[in-house]
> 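There's a structure below that I have some questions on.
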Amino acid sequence: MAPRNLRPTERDRSRRVLSQNFLTDRAAVARLVRVADPDPAGLLLEVGAGRGQLTRPLAARGGRLTAYEVDPAANRELAAVCAGLPNVEHRQADFLAAEPPPEPFAVVGNIPWSLTAAVVRWCLAAPRLRSATLLTQLEYARRRSGDYGRWTRLTVQTWPEVEWRLAGRVPRTAFRPVPAVDAGILRIERRPEPLLSAAALPAYQRLVGWGFEGVGGSLAASLRRHHPPARVAAALRATRIAADTPVGYVWPEQWLVLFRLLHAR
């Protein structure tokens, strides 16, 4: 038997640099499209379109689709796919360098996992974004959505404006090449009506930031640095939060109540 060539090819190296794991399982593709639920009359941006595995079924749902792919090798196949789809615009470009559309739009994609945080930041900063349906590492999707029973600072700070949820799991065997871990479908939806006014949001975000700094060893101690101790104690009691509760275990809904109590006139 001839010895196996273990030297990585140029394509292998490109996949590693670009964090490319193509979604090839048809059931997983259909599930992601179903969760994204594209608006037949709206604009949809696809991140990391690859060879068009998602592009075809997304385009079949109608609406206008802009498919972004930065890898020249994958773009050759993607261009051929898009050529036969009249409602699809193909862009060989870096999605993260693109300007958000001035009209309402949604984002969907099997994104490069090494760029997950950057893609999420781009989406949150886009004022006209309605939703983002992203295939990420399962652990990331679970952390951001509170699926572990704990909440991250980013999730809590943005909660008044967007809802985060884990909309499904995809086994690692649904990808080629097969990654080391399973994936999660992370759904980020902008609320039609924010839970706080635009004027109140900066103060709310400061409060959450103080809590997650951990100064003083507890949430209560952190908040007492900025609010009267008696008021902090009363607000925690009213919100059913023990003084020694780790900050990550405080629900977003409890943060909203805390904010209203501490900032009540």
Side-chain angles (χ1 to χ4, degrees), residues 18-19 32-50 52-72 74-75 78-79 81-136 140-141 144-145 154-165 167 185-205:
L18 297 171
S19 299
L32 185 59
V33 172
R34 187 166 59 250
V35 172
D37 191 22
D39 179 357
L43 173 63
L44 182 64
L45 309 185
E46 184 186 0
V47 190
Q53 293 94 336
L54 276 172
T55 309
R56 288 188 186 91
L58 287 171
R61 296 288 292 265
R64 289 167 292 134
L65 174 63
T66 302
Y68 284 87
E69 176 54 56
V70 73
D71 178 21
N75 265 301
L78 181 62
V81 170
C82 294
L85 303 172
N87 59 329
V88 177
E89 178 186 359
H90 167 223
R91 291 188 183 176
Q92 183 175 334
D94 180 3
F95 171 80
L96 293 174
E99 287 292 327
E103 63 181 288
F105 70 99
V107 169
V108 65
N110 172 27
I111 63 177
W113 289 356
S114 64
L115 297 178
T116 299
V119 171
V120 168
R121 283 196 302 271
W122 189 100
C123 291
L124 293 175
R128 304 290 281 171
L129 177 86
R130 285 181 171 172
S131 68
T133 307
L134 306 174
L135 201 53
T136 73
Y140 181 92
R144 290 297 186 215
S145 63
L154 178 63
T155 304
V156 176
Q157 285 192 315
T158 58
W159 193 260
E161 295 183 287
V162 300
E163 178 186 4
W164 303 69
R165 65 185 176 91
I185 303 175
L186 179 64
R187 177 77 173 176
I188 305 171
E189 292 187 45
R190 192 173 300 279
R191 302 184 189 278
E193 292 292 334
L195 303 178
L196 292 173
S197 68
L201 276 172
Y204 169 82
Q205 291 168 347

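In what follows, every heavy atom counts, from backbone to side chain, and hydrogens, waters and symmetry copies are set aside. Everything numeric in this text was worked out from a predicted model, so none of it was measured.
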> What are the two closest heavy atoms between L186 and R144, and how far apart are they?
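Answer, listing the atom of L186 first, then R144: CD1-CB, 4.3 Å.
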> Where do L201 and S197 land on the side chain to side chain contact (heavy atoms under 4.5 Å, CB included) test, with the steps shown first?
CA-CA 6 Å; L201 276 172; S197 68; over 6 Å; no
> To check you understand the geometry: which heavy-atom pair defines the closest contact between P38 and L58, and what is its length?
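Closest approach of P38 to L58: CG-CD2, 3.9 Å.
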> For the residue pair Y68 and A98, what are the closest heavy atoms and their distance?
OH-CB, 3.6 Å
> Please give me the minimum heavy-atom distance between L135 and W113, naming the atom from each residue.
O-NE1, 3.2 Å
> Just wondering, do R128 and P101 contact through their side chains at under 4.5 Å, heavy atoms?
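No - every pair of side-chain heavy atoms lies 4.5 Å or more apart.
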> Specify whether W122 and F105 have parallel, tilted or perpendicular ring planes, treating 30° as the upper limit for parallel and 60° as the lower limit for perpendicular.
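The arrangement is perpendicular - the two ring planes meet at more than 60°.
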> Looking at CZ of R91 and CG of N75, how far apart are the two atoms once the value is rounded to the nearest 0.5 Å?
13.0 Å
> Search all heavy atoms of N87 against all heavy atoms of G62 and return the closest pair with its distance.
ND2-C, 3.9 Å
> Nearest 0.5 Å please: distance from the CZ atom of R56 over to the CG atom of L65.
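The distance works out to 12.5 Å.
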> Output the distance between atom CD1 (I188) and atom OG (S131), rounded to the nearest 0.5 Å.
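One gets 9.5 Å once the value is rounded to the nearest 0.5 Å.
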> In this structure, which one of L44, V33, V35 forms a side-chain contact (heavy atoms from CB on, under 4.5 Å) with T133?
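The residue from L44, V33, V35 that satisfies side-chain contact (heavy atoms from CB on, under 4.5 Å) with T133 turns out to be V35.
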> Under 4.0 Å between a Lys/Arg side-chain N and an Asp/Glu carboxylate O for R61 and D37?
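Result for this pair is yes, salt bridge flagged.
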> Is the shortest distance from a Lys or Arg side-chain nitrogen in E193 or R191 to a carboxylate oxygen in the other one below 4.0 Å?
no
> Can you measure from SG (C123) to CG (L45) and round to the nearest 0.5 angstrom?
8.5 Å
> Once rounded to the nearest 0.5 Å, what's the spacing between atom CG of L154 and atom CH2 of W159?
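Nearest 0.5 Å value for the CG-CH2 distance: 12.0 Å.
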> Let's go through E46 and T55 carefully: what are the C-alpha distance in whole Å and the side-chain angles of both, what is the deciding distance for side chain to side chain contact (heavy atoms under 4.5 Å, CB included) to 0.1 Å, and is it a yes or a no?
CA-CA 8 Å; E46 184 186 0; T55 309; 2.7 Å; yes
> In plain terms, say whether R187 and E189 are close enough for a salt bridge, that is, a side-chain N and a carboxylate O under 4.0 Å apart.
yes
> Donor-acceptor check, side chain of E69 to backbone of Q92, threshold 3.5 angstrom: yes or no?
no
> So, taking the atom named OG in S145 and the one named CD in E163, what distance separates them when rounded to the nearest 0.5 Å?
10.5 Å
> Looking at side-chain heavy atoms only, is the closest gap between L134 and V107 below 4.5 Å?
yes
> Give the intermediate values and the outcome of side chain to side chain contact (heavy atoms under 4.5 Å, CB included) for residues F95 and V70.
CA-CA 8 Å; F95 171 80; V70 73; over 6 Å; no
> If we only count heavy atoms from C-beta on, is the L124 to T158 side-chain gap below 4.5 Å?
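Of all side-chain heavy-atom pairs linking T158 with L124, at least one is under 4.5 Å.
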> Kindly determine whether Q205 and Q157 satisfy side chain to side chain contact (heavy atoms under 4.5 Å, CB included), including the steps that lead there.
CA-CA 5 Å; Q205 291 168 347; Q157 285 192 315; 4.1 Å; yes
> Is a donor on one side and an acceptor on the other found under 3.5 Å between the side chain of R130 and the backbone of P104?
no
> Do you know which two heavy atoms are closest between Y204 and V156, and how far apart they sit?
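Looks like OH-O, 2.8 Å.
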